[in-house]
Amino acid sequence: LHCCVFSFARRLRTDMIIFRCPFTNDEFISDSFKMTLVDDIVYEVDTKMVTLEAGNYNTGANASAEEAEEGVDDAAQKVNDVIDTFRLQEVPFDKKSYLTHLKAYMKRVKEHLAANQPDRVDAFVSGSQAFVKKILADIPDFTFYTGESNDFEGHIAVAYWKDEAHAPTIRFWKDGLIEEKA
C-alpha cells in the first residue's frame, strides 16, 4: 500500500500556486483553476458544478464501465468546484454593508501594498474604484464569499452569473491575495 501511495503522491503537481488572504490566511483559489486577469485588478474564475458521491473521492482516475452505468448515488450532492474546494462561506451584503466593508478592506490592502509592493498602490486605487462602481450598481446580482474562517476583515470574493452559465463566475481582488507555492 505504501508504494502505491508514494507512487500516486509523486505524480501530484508540485508547482501549484495558492492565492490566500494576507490578513486571514484563508486560501481562496489556486492556479489549478483557469484564472483570467481582468483590467489588472481582479482574477476572474468561471466555476462549474460537480457531483460529490458519498464515500467516493476524486483521485483523477477514470471510472470503470460498471461504475459509469450505475448513475448518481442518492447520497450524491452537487457543489460548486471552487466554493467547495476552498470552503468559501456565503455571506449576505446589501449595498450599505458592502460599502462599509470595502472602505475598511481597501484601506488595509492599500497599506499592505504600500509596505510590500509600493509600485502597485496607484494601479490598485484607480482600478478598484472602477470595479467597485460596477458591483455597487448591480449589487443584487452578486453573491459574496469569505474564506473558510468566515472573517469579514479579510478578502471577500464576489460571484455573479453570466448569461446562460450553469455556475457562477467568481472575482477575486488581485492585490488582496498573496501567491504562495504549494
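If you're wondering where the values come from, they're calculated on a predicted model, not measured in any experiment.
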Quiz prompt | Test item: Phe152 and Tyr105 side chains (from C-beta on) under 4.5 Å apart, heavy atoms | solution = no
Quiz item: What pair of heavy atoms forms the shortest contact from Ile156 to Phe93, and how long is it?
Solution: CG2-CE1, 3.9 Å
Quiz item: How close do Gly176 and Pro22 get, heavy atom to heavy atom, and via which atoms?
Solution: O-CD, 3.2 Å
Quiz prompt | Euclidean distance, Ile18 CD1 relative to Glu180 CD, rounded to 0.5 Å | solution = 8.5 Å
Quiz item: Would you call His166 and Met49 a side-chain contact if the rule is heavy atoms closer than 4.5 Å?
Solution: no
Quiz item: Out of curiosity, Trp161 CH2 to Asp163 CG, how far, rounded to the nearest 0.5 Å?
Solution: 12.5 Å
Exercise. Could you state whether Val42 and Met35 fall into the same hydrophobic cluster, counting links through intermediate Ile, Leu, Val, Met, Phe, Trp or Tyr residues with side-chain heavy atoms under 4.5 angstrom apart?
Key: no
Practice problem: Please list, chain by chain and in numerical order, all residues satisfying ring pair (Phe, Tyr, Trp, His ring centres under 6.0 Å) with Phe28, sequence neighbours excluded. | Solution: His155
Quiz prompt | Asp15 versus Asp31, closest heavy-atom pair with distance | solution = O-OD2, 4.3 Å
Exercise. Output all residues satisfying side-chain hydrogen bond (donor to acceptor under 3.5 Å, both in side chains) with Asp26, sequence neighbours left out; order by chain, then residue number.
Key: Thr24, Ser149
Quiz prompt | Atom pair OH (Tyr145) and CG (Asn150), whose distance is rounded to the nearest 0.5 Å | solution = 12.5 Å
Exercise. Would you mind reporting whether Phe19 and Ile178 have side-chain heavy atoms less than 4.5 Å apart?
Key: no
Just list the side-chain donor-acceptor pairs under 3.5 Å for residues 121-140, sequence neighbours left out, or say none.
from   : atom 1 : to     : atom 2 : distance (Å)
Ser126 : OG     : Asp122 : O      : 3.1
Ser126 : OG     : Ala123 : O      : 3.4
Ser128 : OG     : Phe124 : O      : 2.7
Ser128 : OG     : Val125 : O      : 3.2

Practice problem: Among residues two or more places apart or on two chains, list those pairs meeting salt bridge (Lys or Arg N to Asp or Glu O under 4.0 Å) that have a residue in residues 36-48. | Solution: Asp40-Arg120, Asp40-Lys174, Glu44-Lys162, Glu44-Arg171, Asp46-Lys162
Quiz prompt | side-chain contact (heavy atoms from CB on, under 4.5 Å) partners for Glu111, two or more places apart | solution = Lys107
Quiz item: Any side-chain heavy-atom pair from Val158 and Phe172 closer than 4.5 angstrom?
Solution: no
Quiz prompt | Note, Pro168 side chain near Asn80 side chain (heavy atom, < 4.5 Å) | solution = yes
Quiz item: Is there side-chain contact between Asp175 and Ile41, with at least one heavy-atom pair below 4.5 Å?
Solution: yes
Quiz item: Under 4.5 Å between side-chain heavy atoms, hopping through other hydrophobics if needed: is there a path connecting Val38 to Leu177?
Solution: no
Exercise. Treating Ile, Leu, Val, Met, Phe, Trp and Tyr as nodes and any side-chain heavy-atom pair under 4.5 angstrom as an edge, say whether Leu99 and Trp173 lie in one connected cluster.
Key: yes
Quiz item: For the hydrophobic clusters of this structure (ILVMFWY residues joined by side-chain heavy atoms under 4.5 Å, transitively), does one cluster hold both Phe142 and Val45?
Solution: no
Exercise. Kindly state each residue pair satisfying salt bridge (Lys or Arg N to Asp or Glu O under 4.0 Å) with at least one member in residues 77-101, sequence neighbours excluded.
Key: Arg87-Glu148
Quiz item: Minimum heavy-atom separation for Leu88 to Gly147, with atom names?
Solution: CD2-CA, 4.1 Å
Quiz item: Would a line drawn from the ring center of Phe144 to the ring center of His101 be shorter than 6.0 Å?
Solution: no
Quiz item: With a 4.5 Å limit on heavy-atom distance, are the side chains of Ile29 and Phe86 in contact?
Solution: yes
Self-check item: Asp151 side chain near Thr146 side chain, heavy-atom distance below 4.5 Å
Solution: no
Practice problem: Give, for atom CE of Met16 and atom OG of Ser32, the distance between the pair rounded to the nearest 0.5 Å. | Solution: 5.5 Å
Quiz item: For the hydrophobic clusters of this structure (ILVMFWY residues joined by side-chain heavy atoms under 4.5 Å, transitively), does one cluster hold both Leu37 and Tyr160?
Solution: no
